[in-house]
Engineer: 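This structure is in structure tokens; I'll ask about it shortly.
Chain identifiers are assigned alphabetically (A, B, ...) following the order of the sequence lines, protein sequences preceding nucleic acid strands; residue numbering begins at 1 within each chain.
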Amino acid sequence: MSKEKPSIPKGTRDFGPAVVVKRNYIFGVIKRTFEKYGYLPLETPAMEQLSVLTGKYGDEGDQLIFKILNSGDFLSKTTAADIEQGSKHITRKISEKALRYDLTVPFARFVVMNRNDITFPFKRYQIQPVWRADRPQKGRYREFYQCDADVVGTNSLLCEAEIVQMIQEVLTTLGLTDFTIKINHRGILAGIAEAIGEKGRESEICVAIDKLDKIGKEGVRKELLERGIKTAAVEKLEPLYDLTGTNEEILDKLTTLLSETAEGNRGLADLREVWQYLELLQSQALISQNTSGQPRLQLDVTLARGLSYYTGCIFEVKVNNVNMGSISGGGRYDNLTGMFGLPGVSGVGFSFGVDRVYDVLEELQLFPDSSQAGTQVLLVQFDKASEQYALPVLQQLRNAGIASELYPEAAKLKKQMSYADQKRIPYVVLIGSEEMASGKLKLRNMLTGEQQDVTTEELVKVLAG
RNA sequence: GUGGUUGUAGCUCAGUUGGUUAGAGCACCAGAUUGUGAUUCUGGGGGUCGUGGGUUCGAGCCCCAUCUUCCACCCCA
């Protein structure tokens with residue numbers, strides 16, 4: 001017997017019953033919505049070959065991948081010379097598997113491996129945990145769930161429009177009323193870079209601009225200059241930070257700014273097409289306004305997003321008036337499967353961060369009571385005779401679809417009652433000698449304290465109704 | 001990966017310049033009440049003060065290491 005206090009790894013969590021029930025409510029809303037739009041579930045292994053994952057997330061990302069030590073004598077294939085060559089080299093010798101870092105790369109791997117069996121366009125959703133060796137902080141864990149929906153094998157911008165629709169539907173169903181779906185396009189970012197005379201440097205510009213709401217104009221200016229962007233270019237860029245007006249007005253302004261750039265035109269054309277689809281779909285995202293008066297869907301040229309594989313539209317969702325990073329994001333990637341030797345397959349997808357959605361719903365107290373329902377009724381027993389009387393009643397309740405349980409021993413009444421109280425079971429049925437004699441069971445409403453005498457049939461009827 | 005922060009009962013936290021036997025509220029258990037939970041009253045159990053070293057006559061308090069928590073960077077869901 002160890003005297004050690006047990007603990008769990010940094011950045012991981014246990015989920016108690018009450019939490020799991022509420023998380024399942026979120027998962028359920030997301031699943032039903034995905035399926036309504038024709039996406040089907042996929043699951044992939046928790047671990048992938050390390051070689052599948054490395055190089056897909058940039059140098060920083062590679063460092064955040066949890067590697068799995070080879071089983072057995074993991075040093076058997078290494079020599080002293082290997083150790084001298086440093087940790088990067090030795091990693092390949094002692095680890096060939098790793099925990100998945102996201103769901104998109106495993107999905108791309110799956111598509112490539114099963115390309116002959118898949119009917120394209122292939123729409124799949126995937127709800128599984130991912131792991132990152134990041135340093136935890138608020139809303140950032142080392143193990144967390146992603147809920148991805150992706151479609152590969154079509155360039156149609158209908159997919160982008162439907163992503164907006166799904167985000168709108170999921171978050172509205174969950175009771176959120178004040179959130180912003182930000183949309184932008186890599187082509188616009190590239191066009192802007194070209195228009196200000198820094199063609200090809202949009203990724204550096206993006207990283208800086210992405211921090212606008214955090215470090216302000218001056219901070220971005222400083223960062224851009226540090227990254228070697230010319231002063232003249234930085235000044236040309238700054239008017240874009242506060243493009244005002246409706247989405248249509250912003251589109252018009254961008255059209256005059258970017259008309260000379262091929263990439264910019266591509267981005268603008270794509271976005272206009274997405275808007276057309278949304279109009280024909282009578283999208284609530286176009287109609288709804290947030291309490292702040294801001295439109296639900298917002299074209300935001302300062303939205304950049306880190307992942308380098310996006311090539312077309314990009315999305316991000318922010319819940320307003322809560323201290324939380326984005327709860328959803330995604331975009332189009334033209335060549336993800338190209339990494340695995342299958343070029344020319346375009347895909348677009350997005351993901352919900354369930355842990356963050358949970359924290360937001362908790363903070364805004366948006367979990368409905370119905371999402372927390374457990375046992376409906378507890379049968380209380382006094383002795384062997386009452387237990388035997390209760391069992392058929394219990395089964396009748398369950399046959400009627402009523403979540404019910406019989407306290408498994410003839411404990412003191414106080415103990416059984418407080419069990420019901422703590423599990424927030426709304427009804428208790430007492431079955432004692434009087435009840436058995438009369439056939440009338442005592443039904444107690446734990447919220448109001450009211451009691452009534454009912455037959456078994458009446459009991460089922462009351463609770464089912 | 002960088003800088004800071006936190007850790008005392010199951011939980012939330014007190015604990016004086018380092019000084020006798022480390023406290024409170026809530027929770028838990030038992031009783032008041034042998035057929036009634038949540039409310040009331042009484043009593044009780046529970047701590048190697050995150051862990052390991054060090055300084056000191058003496059450490060919950062000071063020093064070092066390590067783990068953990070939270071925060072800001074980097075980055076990201």
Engineer: Taking the side chain of A/Ser326 as its heavy atoms from C-beta onward, which of B/rU2, B/rU68, B/rA77 lies nearest to it?
Structural biologist: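 Shortest atom-to-atom distance from the side chain points to B/rA77.
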Engineer: Taking CD from A/Glu316 and P from B/rC76, how many angstroms apart are they, rounded to a whole number?
Structural biologist: 10 Å
Engineer: Is there a donor in the side chain of A/Tyr333 and an acceptor in the side chain of A/Asp150, or the other way round, less than 3.5 Å apart?
Structural biologist: yes
Engineer: Between A/Tyr419 and A/Glu405, does a side chain to side chain contact (heavy atoms under 4.5 Å, CB included) hold up when you go through it step by step?
Structural biologist: CA-CA 11 Å; A/Tyr419 173 83; A/Glu405 53 185 309; 3.0 Å; yes
Engineer: Starting at CD of A/Glu226 and ending at P of B/rC73, how long is that distance when rounded to a whole Å?
Structural biologist: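 Between P of B/rC73 and CD of A/Glu226: 15 Å.
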Engineer: What is the distance, to the nearest angstrom, from the CZ atom on A/Arg142 to the C1' atom on B/rU68?
Structural biologist: 11 Å
Engineer: Could you state the atom-to-atom distance from CG of A/Asp14 to P of B/rC11 in whole Å?
Structural biologist: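 For the pair A/Asp14 CG and B/rC11 P, the rounded distance is 13 Å.
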Engineer: Salt bridge or not between A/Arg23 and A/Asp355? Use side-chain N to carboxylate O under 4.0 Å.
Structural biologist: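 A/Asp355 and A/Arg23: salt-bridged.
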Engineer: Distance check, P atoms only: B/rC62 and B/rG19, in whole angstrom units.
Structural biologist: 11 Å
Engineer: Expressed as a whole number of Å, how far does the C1' atom of B/rU6 sit from that of B/rG60?
Structural biologist: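 To the nearest whole Å, 15 Å.
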Engineer: Using the rule given for side chain to side chain donor-acceptor pair (under 3.5 Å), can you reason through A/Thr104 versus A/Asp148, listing the C-alpha separation, both sets of side-chain angles and the distance that settles it, and then say yes or no?
Structural biologist: CA-CA 8 Å; A/Thr104 311; A/Asp148 276 32; 3.2 Å; yes
Engineer: Rounded off to whole Å, could you give me the CD1-to-C1' distance for the A/Ile65 and B/rC76 pair?
Structural biologist: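 Going from CD1 in A/Ile65 over to C1' in B/rC76 covers 14 Å.
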Engineer: Is there a donor on the side chain of A/Arg135 or the base of B/rU69 sitting less than 3.5 Å from an acceptor on the other?
Structural biologist: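 No such pair is found, so the answer is no.
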Engineer: B/rA77 P sits how many Å from A/Gln137 CD, rounded?
Structural biologist: 14 Å
Engineer: Answer yes or no: side-chain N or O of A/Arg140 and base N or O of B/rC75 forming a donor-acceptor pair under 3.5 Å.
Structural biologist: yes
Engineer: Sort out the partner of B/rU21 for me: Watson-Crick or G-U wobble, both distances under 3.5 Å, none otherwise.
Structural biologist: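 Its partner: none found.
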Engineer: B/rC61 and B/rG52: how far apart are their P atoms, nearest whole angstrom?
Structural biologist: 13 Å
Engineer: Using the C1' atom as the reference point in each nucleotide, state the distance between B/rU48 and B/rA59 in Å, no decimals.
Structural biologist: 14 Å
Engineer: Among B/rU69, B/rA77, B/rC74, find the nucleotide with the atom closest to the side chain of A/Glu60.
Structural biologist: B/rC74
Engineer: Going 5' to 3' through nucleotides 28-40 of chain B, assign each nucleotide B (protein heavy atom under 4.0 Å from a base atom), S (under 4.0 Å only from sugar-phosphate atoms) or - (no protein heavy atom that close).
Structural biologist: S--S---BBBS--
Engineer: Between B/rC28 and B/rA38, how far apart are the two P atoms, rounded to whole Å?
Structural biologist: 9 Å
Engineer: Determine the contact category for A/Val354: base if any of its heavy atoms lies under 4.0 Å from a base atom, sugar-phosphate if only primed atoms, P, OP1 or OP2 are that close, otherwise nothing.
Structural biologist: nothing
Engineer: May I have the step-by-step check of salt bridge (charged side-chain N to carboxylate O under 4.0 Å, His left out) for A/Arg32 and A/Glu35, ending in yes or no?
Structural biologist: CA-CA 5 Å; A/Arg32 281 194 293 279; A/Glu35 286 174 7; over 6 Å; no
Engineer: Between B/rA27 and B/rU21, how many Å separate the two C1' atoms, rounded to a whole number?
Structural biologist: 25 Å
Engineer: Salt bridge or not for A/Glu48 and A/Lys56, using N-O below 4.0 Å?
Structural biologist: no
Engineer: Could you state the CD-C1' distance from A/Gln63 to B/rG1, rounded to the nearest angstrom?
Structural biologist: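 From A/Gln63 CD to B/rG1 C1': 7 Å.
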Engineer: May I have the distance from A/Ile314 (atom CD1) to B/rA77 (atom P), rounded to whole angstrom?
Structural biologist: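 Distance check: A/Ile314 CD1 to B/rA77 P gives 12 Å.
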Engineer: Decide, yes or no, whether a salt bridge links A/Asp453 with A/Lys442 under the criterion of side-chain N to carboxylate O below 4.0 Å.
Structural biologist: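 Yes, charged N to carboxylate O under 4.0 Å.
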Engineer: On a whole-Å scale, what distance lies between the P atoms belonging to B/rG15 and B/rA72?
Structural biologist: 27 Å
Engineer: Scan A/Gly11 against the nucleic acid and name what it touches under 4.0 Å (heavy atoms): base, sugar-phosphate only, or nothing.
Structural biologist: sugar-phosphate
Engineer: For B/rU33 versus B/rU42, give the span between their C1' atoms, rounded off to a whole number of Å.
Structural biologist: 13 Å
Engineer: Working to the nearest 0.5 angstrom, can you tell me the gap between A/Asp383 CG and A/Met436 CE?
Structural biologist: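 The CG atom of A/Asp383 sits 5.5 Å away from the CE atom of A/Met436.
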